[in-house]
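Remarks on the structure that follows.
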Amino acid sequence: MDHAIPLPSPGEGDENRGALRKAVKMRAHLRDRGTTRFEIEVVDLSTTGFRAQTSFTLWPGTTVWLTLPGLAGLEAVVAWRDKYRYGCAFTKPLHPAVFDHIVALSNS
């Protein structure tokens, strides 16, 4: 029997967020299985996930890899979609030092 945990929709569950979220603005690349990579704009980030905008269509439940400048691909799952906005959850939380490094990159 499958016991799926419902994923919050956009704007829902912010008060239940377990990790600090920082507003960022940076270009990155995303790819899913078997697809060429495409450009996205990451608009916020936490150690457990990120929110991004892109004109490409992704579906909730899709496994994706986020590539940020100077870092290896970070595996995540699309949690929700609202037109061109997406929320994704990392499969493994970011180390706090990696999180700080990414935030610093977005401010440079």
Side-chain angles (χ1 to χ4, degrees):
M1 184 185 219
D2 186 15
H3 296 285
I5 299 170
L7 297 170
S9 59
E12 181 184 306
D14 286 349
E15 65 279 353
N16 296 328
R17 183 175 291 273
L20 174 68
R21 179 170 42 176
K22 291 272 194 174
V24 296
K25 184 172 180 153
M26 60 190 315
R27 300 256 181 231
H29 289 98
L30 202 66
R31 72 172 180 85
D32 62 7
R33 297 178 200 270
T35 303
T36 56
R37 67 186 194 148
F38 50 90
E39 192 170 271
I40 64 169
E41 182 171 356
V42 178
V43 295
D44 77 27
L45 182 75
S46 74
T47 57
T48 57
F50 64 96
R51 189 164 48 107
Q53 299 179 125
T54 183
S55 60
F56 287 85
T57 301
L58 297 165
W59 299 105
T62 302
T63 299
V64 293
W65 286 266
L66 172 69
T67 305
L68 295 163
L71 295 174
L74 302 167
E75 186 176 350
V77 175
V78 177
W80 57 264
R81 172 182 178 229
D82 180 22
K83 296 183 183 173
Y84 301 114
R85 294 180 10 202
Y86 296 89
C88 300
F90 293 123
T91 56
K92 295 178 187 171
L94 296 177
H95 185 280
V98 173
F99 172 75
D100 290 343
H101 176 72
I102 295 168
V103 170
L105 280 176
S106 74
N107 294 327
S108 56

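Computed over heavy atoms, backbone and side chain alike; hydrogens, waters and symmetry mates excluded.
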Same cluster (ILVMFWY, side-chain, under 4.5 Å), I102 and W65 = no
Do you know which two heavy atoms are closest between P69 and M26, and how far apart they sit?
-> CD-CE, 4.2 Å
In Å and rounded to the nearest 0.5 Å, what is the CZ to CG distance from R21 to D44?
-> 4.5 Å
Carboxylate-amine/guanidinium proximity below 4.0 Å for E75 and K92 = no
Assess whether salt bridge (Lys or Arg N to Asp or Glu O under 4.0 Å) is satisfied between E41 and K25, documenting all intermediate values.
-> CA-CA 7 Å; E41 182 171 356; K25 184 172 180 153; 3.6 Å; yes
Quick one: pull up NE2 in H29 and CZ in R37 and give me the separation to the nearest 0.5 Å.
-> 4.0 Å
Pairing residues for D32 by the side-chain hydrogen bond (donor to acceptor under 3.5 Å, both in side chains) criterion, not counting sequence neighbours | T35
Roughly how far, to the nearest 0.5 Å, is the CG atom of L68 from the OG atom of S106?
-> 9.5 Å
Evaluate the side-chain contact (heavy atoms from CB on, under 4.5 Å) criterion for residues R33 and V64: first the C-alpha distance (whole Å), next the side-chain angles of each, then the deciding distance (0.1 Å), finally the verdict.
-> CA-CA 7 Å; R33 297 178 200 270; V64 293; over 6 Å; no
Find the distance between CZ (R51) and CG (D82) and round it off to the nearest 0.5 Å.
-> 10.0 Å
Would you say V42 and Y84 are hydrophobically clustered, going by side-chain heavy atoms of ILVMFWY under 4.5 Å?
-> no
Compare every heavy atom of I40 with every heavy atom of A52, then report the nearest pair and how far apart it is.
-> CB-CD1, 3.8 Å
Summary of salt bridge (Lys or Arg N to Asp or Glu O under 4.0 Å) pairs that have at least one residue in residues 52-67, sequence neighbours excluded = none
For residues 35-61, pull every pair meeting ring pair (Phe, Tyr, Trp, His ring centres under 6.0 Å), keeping only residues two or more places apart or in separate chains.
-> F38-F56, F50-F90
Taking atom CG of L20 and atom OG1 of T47, what is their separation to the nearest 0.5 Å?
-> 8.0 Å
What are the two closest non-hydrogen atoms of P93 and T48, and how far apart are they?
-> CB-CG2, 4.5 Å
Does one hydrophobic cluster hold both V43 and L30, with members joined at side-chain heavy-atom distances below 4.5 Å?
-> no
Could you grab the distance from atom CG of L45 to atom CG of L94, nearest 0.5 Å is fine?
-> 6.0 Å
Atom of P60, atom of A79 and distance for their closest heavy-atom approach = CB-O, 3.9 Å
May I ask you to decide if L58's main-chain N or O and Y86's side chain share a donor-acceptor pair within less than 3.5 Å?
-> yes
